[in-house]
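Numbers restart at 1 for each chain; the letters A, B, ... are given by sequence-line order, proteins then strands. Fair warning: this is a prediction, and the values are worked out from it, not measured in the lab.
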Amino acid sequence: MGKIETPDSATRGILNVSRRTLLQGAGGLALGIFFAPLIRGMDALAAGGPLEPNAFVRIDLDGTVTVLAKHLEMGQGSYTGLATLLAEELDADWDKVRVEGAPADVKRYNNLAFGPMQGTGGSTAMANSWEQMRNAGATAKAMLVAAAAQRWGVPASEISVSQGVVSHAGSGRSAGFGELVEAAASLPVPEQVQLKQPKDFKLIGKVELRRKDSPGKTDGSAIFTQDFKLPGMLVAMVAYPPRFGGVPRSVDSSKAKAVRDVVEVVEFRDLPHGRSGVAVLAKNTWAARQGRDALVIEWDESQAFTLGSEEIFAQYRDSASKPGLPAASKGDADAALAQAAKTVEADYEFPYLAHAAMEPMNCLVKLSSDRCEIWNGEQFQTVDQAIISSYLGLTPEQVSLTQLYAGGSFGRRASSVSDYLLEAVAITKAARDKGVDAPVKMVWTREDDTRGGSFRPLYLHRVRIGLDEAGKLQAWHNRIVGQSIIAGTSMEPFLVKDGIDHTSVEGISNLSYAVPNLQVELSTPTNIKVPVLWWRSVGHTHTGYVAETMIDEAAVAAGQDPYAFRHALLESHPRHRGALELAAKQAGWDKPLAAGAEGEKRGRGIAVHESFGSFVAQVAEVTVKADGSYRLDRVVCAVDCGIAINPDVIKAQMEGGIGFALAAARHSAITLKEGRVEQSNFHDFQVLRLNEMPKVEVHIVPSAANPTGVGEPGVPPLAPALANALFAATGVRLRKLPFPAQIKA
Amino acid sequence: MITLNLNGKDHELDVAADMPLLWALRDVANLTGTKYGCGMALCGACTVNVEGQPTRSCVTPVSAVVGKRISTIEAVGEDAVGKVVQEAWRQLDVVQCGYCQSGQIMAATALLSSNKTPSDADIDAAMSSNICRCATYVRIRAAIHEAAGKLA
């Protein structure tokens, strides 16, 4: 079989590179159809097995299409999105498409947005898979078509495919995918395939398409790490030092070992990420918990971190009084401020935040002398492989990772130091060294998870803005003080430049509003030993808040409408404007907000922010009662994320992002006192509950641009839109998060 | 040995009497659909229905539920109300990460079993003790109304 004909050779398509081309050493890796399945494909062929033209799809003899997802499904709909892209070009029957987590394999499953690394984050899953998954589907389809053409003796160009059925109209013949799989598997993988024009999309953009993970997540059958079991497996629970940097000085495990079903007690210390602990291994979780609680440990805290949040803020305020390293310098902000007719100055304070995913961190490890197998809701495959293999003295290939569902993550499972995985491995190894050779599932309690660090860093912003007589924004001076998420990790060379951790300043160093004099400076303390990490929308969690509340203050100082003021300053940012306009229109910004009941004040606020290549605007409407308590009644949200692959998933991510952000605005804070985390569980680290969820309307900006992410971009605008609404209602500016429960002038 | 009636069948479990029902279900009876979230009855991820009442299995010792009918997410589709709730959840694609949803569905099933036409205030009262960190609350509320419509 030679050349594969395509239905419309005049249509300009995107070229795909086959595994054969790659084997010949040609380029094109960026399109990511890799050769590893070749060997499996040949095995399958010998056995008359499935069609596996590339690393992303397998079609079985019964016609089932299995999509291999290189991205973690942690709630954001990646499995459904990846399947949609592939099934679209394959013209598969959606009901016969299933999704399987792909193994860790840097050769096949790199995140094309990250460079040489497999991982899920930065809202990149759809953006980096947009061509890759469609190419993978189109390749499989071309082979099925070629097999049918050969079997029926008709030109491939006369064959059509729809909903998993390959047909030839002229002869009236048709066949399901399964009937053609064996023949197709023996054909060469096409050199190039053509992709559909957007007007021909059947699944992409279809609102009615249902999530692939809904059935299993509504009948208890979906398997999370917490649920996965191996024969003979032990459960480990860990006693951690009360302060970061503590180590066990002495351990009395006699009471722990007396607990029914407790098997062993092991220590780990001086792991590469700096944590130590004492683990109890037991035959079930309850025994491990009781055993852990029965440990008597004296901790050596001579090297432990002992500052509290208040001391950290005091240090940061002091740092903010001095220049930091420049992250953005345009014009002369100091000089412009000196000449400004009006200025606004403010400090903003943001606390540490825990991710508080519903599934506390956990990891299952099976170890032998030359192999380490991991089962995990795996967000950073190749980082984890590298760190774990280095710790064990193995090669990365000797560490396998099996992808399970994650019960939320919000960035927590993307640890650049593999913290909880490494601890699980260390515990398993320590047990093995003591003669307990069993797979071990390490599980954290909610308290471990809340106090375990890897927090969104505590930040301080000191901001000065200046306007001229005409109310035109002339200067923006913004100092940021906070720990670096990246410094000291393997990602430092990529994400820290000239001392600036990009994730500390993103969203303000590239401020979208036209301002002739912009100075953004960053001070990064190195004495704060609290583990920090990205938290859904990362730097934008604080920069977006500062940008969008301060621009609101500027509008008020200029005596202008907050929407119109923003709009005028976004002339060179049409996509910001597009989202802003749509949100304002749908919210009825041009009409007054309906009044509240007697004694109630109502207010409306707006915000727009770009993050991870997507543009989101939100209008928040609040009601403030006489006692200052308030309710967020409604949020109207407009999102421009390029071509909308799964509109209902996009909508869900905006809804969820709004609720997630509202929790941080209203309630959540991790505070330290003398180095100890003061919170422990959901009673004192509060998240959003159903009764506080606003009505949410989501509108998608029509776009022909390539898709961008939706997991994070819904988060940043909410808190500033809410703060601006509360200001409109009460005249109070909120510059410290979380907000007080009662807003009083 | 302790005998528990799980989803209509008696199971003999070799567990300590003070073991919370959650761990007996998950670690011993292999019913892993019921989740651990907080261990302190603060989040509702562990919700099962005992004699039709939503119950936090993480703080309920097995000794307290001997001889009682315990139903879990795995059998919710066999319950007339539960099946409608489950279908509404699927129709509206409520889930995101899905970890809390077993508890949400059990709580919603208990609500609709006792109140066929819940108001928003009723839903607030019945469902606000079940945390969803993905904040799927808009759809949880909508799915309950959807299921109520079907049950009417």
Contact class of I123(B) relative to chain A, heavy atoms under 4.5 angstrom: both
Closest non-hydrogen atom pair, Q91(B) against R210(A): O-NH1, 2.8 Å
R90(B) and S214(A) side chains, donor-acceptor separation under 3.5 Å: no
From SG (C38(B)) to CD (E447(A)), nearest 0.5 Å: 8.0 Å
Selection from G408(A), P215(A), G659(A) maximising heavy-atom pairs under 4.5 Å formed with chain B: P215(A)
Chain B contact via L72(A) - which portion, at a heavy-atom distance below 4.5 Å: neither
Interchain contact, A406(A) with chain B, by part (heavy-atom threshold 4.5 Å): backbone
Inter-residue atom distance D93(B).CG - K651(A).NZ, 0.5 Å rounding: 11.0 Å
Top of A287(A), P360(A), A222(A) for chain B proximity - count of heavy-atom pairs under 4.5 angstrom: P360(A)
Backbone of E655(A) reached by a side-chain donor or acceptor of Y137(B) within 3.5 Å: no
Which atoms of D120(B) approach chain A - backbone, side chain, both or neither, heavy atom under 4.5 Å: neither
Heavy-atom proximity to chain A below 4.5 Å, by part of V76(B): side chain
Residue pair F682(A) / G37(B): nearest heavy atoms and the distance that separates them: CE1-O, 4.1 Å
Minimum heavy-atom distance F410(A)-C134(B), with the two atoms named: CZ-SG, 4.0 Å
N-O pairing of R689(A) and D124(B) below 4.0 Å: no
Most contacts with chain B, counted as non-hydrogen pairs under 4.5 angstrom, among E359(A), Q653(A), M693(A), R536(A): E359(A)
Closest non-hydrogen atom pair, M358(A) against A45(B): CE-CB, 4.5 Å
